[in-house]
There are 2 protein chains.
Amino acid sequence: MGDVALHTPDAPGYPVRSVGKALEILLMLRDRETIGIAEASRELGIARSTAHRLLSMLEHYRFAQRDTKSRGYRSGPALVSLGLAAVVRMDIRRLARPHMERLAHEIEETVTLMCLEGADVRFLDSVESPRPVRVAGRTGLLRPAHCTSAGKAILADLPSEQLEKLYPDEPLRTLTERSIGSRRRLLTVLEEVRRAGYATNLGESDAGLVGIGVAIPNLAGSPSAGIGIAAPESRLAPEQIREIADAALRTANAIANTFE
Amino acid sequence: MGDVALHTPDAPGYPVRSVGKALEILLMLRDRETIGIAEASRELGIARSTAHRLLSMLEHYRFAQRDTKSRGYRSGPALVSLGLAAVVRMDIRRLARPHMERLAHEIEETVTLMCLEGADVRFLDSVESPRPVRVAGRTGLLRPAHCTSAGKAILADLPSEQLEKLYPDEPLRTLTERSIGSRRRLLTVLEEVRRAGYATNLGESDAGLVGIGVAIPNLAGSPSAGIGIAAPESRLAPEQIREIADAALRTANAIANTFE
DNA sequence: GCTTGGTGTTCTGTACTGCGGGACAATCTT
DNA sequence: AAGATTGTCCCGCAGTACAGAACACCAAGC
C-alpha cells in the first residue's frame, strides 16, 4: 500500500539498466576529456564487454567518437548539436535575452547568464559590452561557483544543507590569489551577499576583471541561474557598484516575472 | 565468410536495442520542441509502455524534462551541460578561435564558425565586430545552409550525390525574398562558388545583412565546417568583397593547417 | 629477448530483463 | 455525452543483453 519513496519524485519504477548505464557514460563524458573501456567498466561496475558494447552503440549514433590514435572515446558531434539545440530552446535563456541586452546597453558592460552545475557555474549566454575594450563573452565555459559573482549570488540562495554537500573538502579550488580559499570564509561572504542582495568578484576568477552578480529568483524546477556583469578592473569605481547592482537586480526580477 | 556490410564502417555488431531506441529519442528531441509518449512509440515502432519507460529513464537522468502542464517531454538540463561541455572541447572550435579573433580584429566585422548539420548549418562560435554597430554573434542558431554564406561554401565542397540527398524536395525553404528558392538555381550558384573560392549572402538570411563565407578544407572525420563574415549591408561595398574573402580564405587555411 | 600488467575486441550460453499487450484513468474533440 | 487519444500501471513470456573467458595487442620492466 502506502509507498514510502514518494520523496524521490522521479525514481524510475521500472528501470532499464542498459539505458541507465549508457546515460551514465554520457555523463562521464561531460567531466572527463576521454574515457577508456576499462575505465567505464570499473566505474559503473559492469563487465568490460558490456562497456565495449555500450560505447560502440554511442559511437554508432555519433554521441561519442574515438580519439585519433584509437585510444579512448570522446564526446561526439551528436552531443554538440543536441546540446546547442537544447541551449537555444532553454526557457531561461530565451526569456532572459532581451532583458540582458537592455542591461548591457544601459551600463555598457558585458552581461552573462549562468546556471549552477554542481559546484560550478556554466556560462549559458552573454551579451558583450558595446565598448571597444570589454570583457569577452565566453559561452559554454565552466567556472567554480565561489570564484564568480553570479555564482556566489546563486550559492547564497541555496539551503545550507545543500551547500555543505557541494563543498565536502576543505581547501577550496582557487583561480587567482584573491579567490576564496576556505569554507569558513565562503560562508561569511555568502552571509554578506544575502544581506546586500548581490555579490561581487574582485579579481577572484581572472586577474584584472571585476564582476557584480545577482541570482534570478523563483526559477521553478530548472537549475538555479543568475546574471553577472563583468568589467575591466580599471573601469569600475567602487561608488558605481551599488548602482549597477540595482540595475542587475531589476533585470533579474524582470526575468523572473516573465515566467507566467 | 565475406561480410558484405563492410561499407557501413560503424555498424554495431551487437546492438543494444533499448539503448539505441533511447538515443533515437534524444535525437528526436533535437528537431522537435517536445515529444509525447504515443508520438515516440509510433515513430520508433515500439509499444507505448516501452516508450514510457524509456522517457522516464531519460527524465530521471535529467536528459529530458516534462513540460509544464505535464504534456510532453522536452530536452533537459543534462543535455545542455553535456552539449556545452562538448562544444567547448571541440577541436575545430578550440583551434579556430585564435584565428577567428585575428580575422575579426583585422576586418572589424563579426566572424562566425559554423558546421553542417543535415541541410542546415549550426552556429558554433563567433567573435563579434569591435564596432558599435555590428552583427550579433548567435551561437547555437540553426539556419538553412543554402541561405548563408558559409553554408553555401560548405555545400559547394560536397560531392554531388550527397548534395542531392540533402535536397530531395523542390521548393527550397526561404528566409527572405532574396533566398535561393530552387534547386537549379542553387546548383548554378554553387558552381560559381567553386570557381570563386568563396560564397556571398546578400540579404538571403536576414534583410539588411550581408555575408561572405568560406569552407575550412580537409576536416578529416569531423563534419564539414566553415567560417562566415557578417556585416550590415550599408557598410560592405562590393569592391571590398574580394579583399575580405581573401582574408577569410587565409584564415580558413590557417585553421586547417593547425590540424597536425 | 621474454615476461607481466594493462588494454580493446569477439564469441557463446543462460538467466534475467526489458518488451509487448492489455486495462485503466484522465484528457481533449466531436 | 460519447468517442478518440493520451499517459500510466501491471504482468507473464521470450528474447536479449549481460558476464565470463579467450584472444590479440601494446606498453613498460626485468
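The basis for the numbers below is simple: all heavy atoms, side chains too, and nothing from hydrogens, waters or symmetry mates. Convention: sequence-line order gives letters A, B, ...; per-chain numbering from 1.
Taking only side-chain nitrogens and oxygens, A/Arg17 never comes nearer than 4.0 Å to OP1 or OP2 of C/dA15. Taking only side-chain nitrogens and oxygens, B/Arg42 comes nearer than 4.0 Å to OP1 or OP2 of D/dT6. At D/dG7, none of the side-chain N or O atoms of B/His52 fall inside 4.0 Å of OP1 or OP2 (strictly under the cut-off).
B/Arg122 contributes a side-chain N or O that, together with a main-chain N or O of B/Gly140, makes up a donor-acceptor pair within less than 3.5 Å. In this structure, the side chain of A/Glu39 engages the main chain of A/Gly36 through a donor-acceptor pair within 3.5 Å. A donor-acceptor pair is defined here as one N or O able to donate and one able to accept, closer than 3.5 Å; such a pair exists between the side chain of A/Arg97 and the backbone of A/Ser126.
Among C/dC19, D/dT8, D/dA19, the nucleotide with an atom closest to any side-chain atom of A/Ile46 is D/dA19. Residue B/Thr50 places its side chain closer to C/dG20 than to any other of D/dT6, C/dT7, C/dG20. Nearest to the side chain of B/Arg53, among C/dG20, C/dT9, D/dT8, sits C/dG20.
With the nearest nucleotide of DNA chain D identified for both A/Val19 and B/Ile37, B/Ile37 has the one nearer the 5' end. Mapping A/Ile35 and A/Ser18 onto DNA chain C by nearest heavy atom places A/Ile35 closer to the 5' end of the strand.
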Close N or O pairs between protein and nucleotides 21-25 of chain C (under 3.5 Å):
{"unit_1": "C/dG21", "atom_1": "O6", "unit_2": "B/Ser49", "atom_2": "OG", "d": "3.1"}

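A/Tyr73 carries A/Arg66 over the face of its six-membered ring, with the cationic atom under 6.0 Å from the centre and within 45° of the normal.
When the shell of 6.0 Å around CZ of B/Arg17 is examined, it contains 12 or fewer heavy atoms from other residues, nucleotides or ligands.
A side-chain contact (heavy atoms from CB on, under 4.5 Å) with B/Ile216 is found for exactly one of B/Thr251, B/Asn253, B/Leu113, namely B/Leu113.
Distance B/Met57 CE to C/dT17 P: 12 Å, rounded to the nearest Å. Atom C1' of nucleotide C/dT7 and atom CZ of A/Arg66 are separated by 11 Å, given to the nearest angstrom. As a whole-Å value, the separation of A/Lys21 NZ from D/dC18 P is 10 Å. Atom CG of B/Leu55 and atom P of D/dT6 are 14 Å apart (whole Å).
In this structure, CD1 in A/Ile180 is found 11.0 Å from OG1 in A/Thr174, a value given to the nearest 0.5 Å. The structure places NE2 of A/His146 at 14.0 Å from CD1 of A/Ile154, a figure rounded to the nearest 0.5 Å.
Salt bridge status for B/Lys152 with B/Asp157: absent, with no side-chain N to carboxylate O gap under 4.0 Å.
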> Starting at the 5' end of DNA chain D, what dot-bracket string do you get if Watson-Crick and G-U pairs under 3.5 Å are bracketed, crossing pairs use [ ], other-strand pairs use | and unpaired bases use dots?
Replying inline: ||.||.|||||||||||||||||.||||||
